[in-house]
Amino acid sequence: MAEPGLVIVGSGFAGICMAIKLKEAGHHDFVILEKAAELGGTWRDNTYPGCACDVPSHMYSYSFELNPGWSRMFAPREEIQDYLRSCADKYGVTPHIRYGKSVTALEYDDERHAWSVTTDDGETLRTNAVVSAIGALHIPKFPEIAGRESFAGPAFHSAEWDHSADLTGKRVAVIGTGASTAQFVPQIAPAAGHVTVFQRTAPWLHPKPDFAFSPRVRRLLRLPGAARMLRYAIYWALESRALGFAVHPSLMKAHERLALRHLEAQVPDPGLRRALTPGYLIGCKRVIISSDYYPTLTRDDVTLVTDEITEIREHSIVDAAGVEHETDVIVYGTGFKVVDALADRRILGRGGLTIQDAWKDGVEAYYGITTAGFPNLFFLLGPNTGLGHNSVVFMIESQVDYVVECLRLLSRARARALEVRPETQRAFNRRLRARLDPLVWNAGGCRSWYLDEHGVNRTIWPGFTFEYWARTRKVQPGAYELIF
Ligand code: NAP
């Protein structure tokens with residue numbers, strides 16, 4: 001049985017970053033377990049037409065590995081995956097990755113203060129620490145609609161795009177109108193025979209300031225400091241949006257005005273405009289960035305349906321108004337199971353405590369990274385660290401640095417493990433909830449995947465990202481119990 005010092009689960013943006021920073025800190029004794037045959041996480045899995053970043057690429061990348069060569073302001077997914085591959089190669093991470101290893105269980109051994117990590121092929125690794133870098137949005141969510149299984153044609157989720165399904169001339173039904181749908185509908189509409197988009201809740205949309213960087217600009221960005229300056233400019237432009245998100249919802253009104261002007265400029269028909277006007281405060285759900293979604297909905301061969309779907313039949317979809325829409329292909333743009341990504345796993349902590357028991361009142365952690373009862377288990381992009389306004393890569397880097405600091409603390413103290421004190425975690429989460437209560441995600445008048453089934457926000461960091469960075473720069477030893 002192999003015994004690496006640390007196991008990272010997942011090789012997306014978070015897992016690769018963790019590995020790079022571990023090596024930089026002198027830890028080479030780790031493995032990355034990756035369930036798939038390729039690295040890249042989100043950017044490997046989502047292959048739908050038009051898949052691209054909706055945060056400017058110069059910010060949606062590592063701060064220590066700027067890429068002056070991004071082809072566009074918002075790079076397509078292939079380019080993002082190439083970037084991750086090249087980072088893994090450049091920093092010597094690739095040899096640490098073990099592909100085809102899906103982790104089925106994590107179990108803490110109280111005697112040895114070590115973790116057992118079991119994979120679906122029956123192998124078990126023993127290790128001192130585990131970093132979960134599995135991401136939050138990767139388990140496709142399908143709607144519970146009567147008759148869904150009876151549909152005879154191709155039907156697939158946006159994150160599991162069926163490239164063998166030829167949409168040319170077909171009647172395609174798209175269910176859901178989130179960020180993914182807004183990207184692929186403009187791509188599939190020209191070739192499809194007809195596209196019917198089923199919208200439950202109208203999303204808010206801002207224009208996408210996307211453009212290709214000319215070879216000359218890319219050369220300029222290679223000058224010393226140029227790409228860094230651009231990154232700073234993007235960072236502060238995005239961070240300024242946190243005023244409305246993190247300070248007071250009324251400050252979101254300016255964002256609403258921009259979105260309404262965008263809608264008015266792109267959708268001349270008042271009826272369609274009305275159907276596309278959201279009935280909640282902007283920012284309550286993730287704001288979609290697109291300049292081609294609205295124009296696509298104005299095409300003659302695209303229809304927006306706002307009546308609820310009541311039934312799916314062999315060759316059609318029936319809505320609440322009784323209209324039967326003949327359909328050849330269904331694409332589900334219905335998002336992901338969020339919290340379950342962690343809570344569904346077999347994770348046993350101290351004294352056999354299951355993660356389900358630890359989180360029976362809801363998923364929570366300390367700065368989203370550590371959780372009481374589970375020593376030396378670290379989460380990247382864990383509870384309440386998602387963002388509505390800036391790049392999550394910034395959050396990942398803060399968390400990765402924090403984990404490295406925790407490892408330093410362990411080695412300085414010659415301790416085997418550290419565990420966040422339950423009272424520290426509780427107090428942290430009490431403050432977090434009090435802060436979130438009046439903010440737009442909770443008080444904006446919508447129901448989103450940011451909230452759990454009890455309406456508690458378990459996904460979003462409610463402040464500025466620089467605040468998160470400042471608060472996680474140092475590990476407060478008092479927050480932890482050291483185990484020797
Ligand atoms: P999503 O934002 O969760 O949107 C899901 C859509 O499906 C919503 O419109 C939802 O309607 C609808 N829906 C869900 N269940 C339904 C049902 N039973 N009947 C009818 N409609 C239903 O999912 P997504 O578009 O895949 O995006 C998920 C997240 O991935 C985004 O928020 C974003 O964070 C990320 N993303 C990022 C990028 C990027 O470029 N960085 C691109 C794509 C996605 P309701 O609004 O009524 O719930």
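From a predicted model like this one, the values you see are computed outputs, not experimental measurements. For ligands, and for the atoms within them, numbers begin at 1 and follow the listed sequence.
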Ligand 1 contact on [X] by region, counting heavy-atom pairs under 4.0 Å:
| X | value |
| --- | --- |
| Phe336 | side chain |
| Gln199 | neither |
| Trp449 | side chain |
| Ala52 | backbone |

So which protein heavy atom does [atom] come closest to, and at what separation?
| atom | answer |
| --- | --- |
| atom 36 (N) of ligand 1 | Ala179 CB, 4.0 Å |
| atom 47 (O) of ligand 1 | Thr201 OG1, 2.4 Å |
| atom 18 (N) of ligand 1 | Pro143 CB, 3.0 Å |
| atom 27 (O) of ligand 1 | Ser180 OG, 3.8 Å |
| atom 37 (C) of ligand 1 | Asp54 OD2, 4.2 Å |
| atom 15 (N) of ligand 1 | Arg200 NH2, 3.4 Å |
| atom 4 (O) of ligand 1 | Gly178 CA, 3.5 Å |

Determine, for [X] against [Y], whether the closest basic-nitrogen to carboxylate-oxygen distance falls under 4.0 angstrom.
| X | Y | result |
| --- | --- | --- |
| Lys208 | Asp292 | no |
| Glu24 | Lys21 | yes |
| Glu34 | Arg44 | yes |
| Arg72 | Glu79 | no |
| Glu239 | Arg241 | no |

Donor-acceptor side-chain pairing of His315 and Thr327 below 3.5 angstrom: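 Looking only at side-chain atoms, Thr327 and His315 do not form any donor-acceptor pair under 3.5 Å.
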Ser316 and Glu324 side chains, donor-acceptor separation under 3.5 Å: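 Present: a donor and an acceptor within the cut-off.
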What atoms of ligand 1 come within less than 4.0 Å of a heavy atom belonging to [X]?
| X | result |
| --- | --- |
| Lys285 | 45 (P), 46 (O), 48 (O) |
| Arg286 | 31 (C), 32 (O), 33 (C), 34 (O) |
| Thr177 | 6 (C), 8 (C), 9 (O) |
| Leu137 | 29 (C), 30 (O), 34 (O), 35 (C) |
| Tyr48 | 42 (C), 43 (C) |
| Gly176 | 6 (C), 7 (O), 9 (O), 12 (C) |

For Tyr367, the option from Gln399, Gln425, Arg471 that meets side chain to side chain donor-acceptor pair (under 3.5 Å):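 Option passing the side chain to side chain donor-acceptor pair (under 3.5 Å) with Tyr367: Arg471.
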Worked check of side chain to side chain donor-acceptor pair (under 3.5 Å) between Tyr48 and Gln187: CA-CA 9 Å; Tyr48 60 77; Gln187 301 296 315; over 6 Å; no
Aromatic contact, Phe211 with Phe213 (centres under 6.0 Å):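 Ring-ring flag for Phe211/Phe213: true, centres closer than 6.0 Å.
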Ring centers of His389, Phe464 separated by less than 6.0 Å: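 No; Phe464 has its ring centre 6.0 Å or more from that of His389.
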Selected option - heavy-atom contact closest to atom 7 (O) of ligand 1, from Cys53, Ser158, Gly333: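 Ranked by closest heavy atom to atom 7 (O) of ligand 1, first place is Gly333.
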Options Gly335, Cys446, Ala75, ranked by nearest heavy atom to atom 23 (O) of ligand 1, top entry: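 The nearest heavy atom belongs to Gly335.
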CD/Glu308: more than 12 non-hydrogen atoms of other groups inside 6.0 Å: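 Atom CD in Glu308 is not crowded, with 12 or fewer foreign heavy atoms closer than 6.0 Å.
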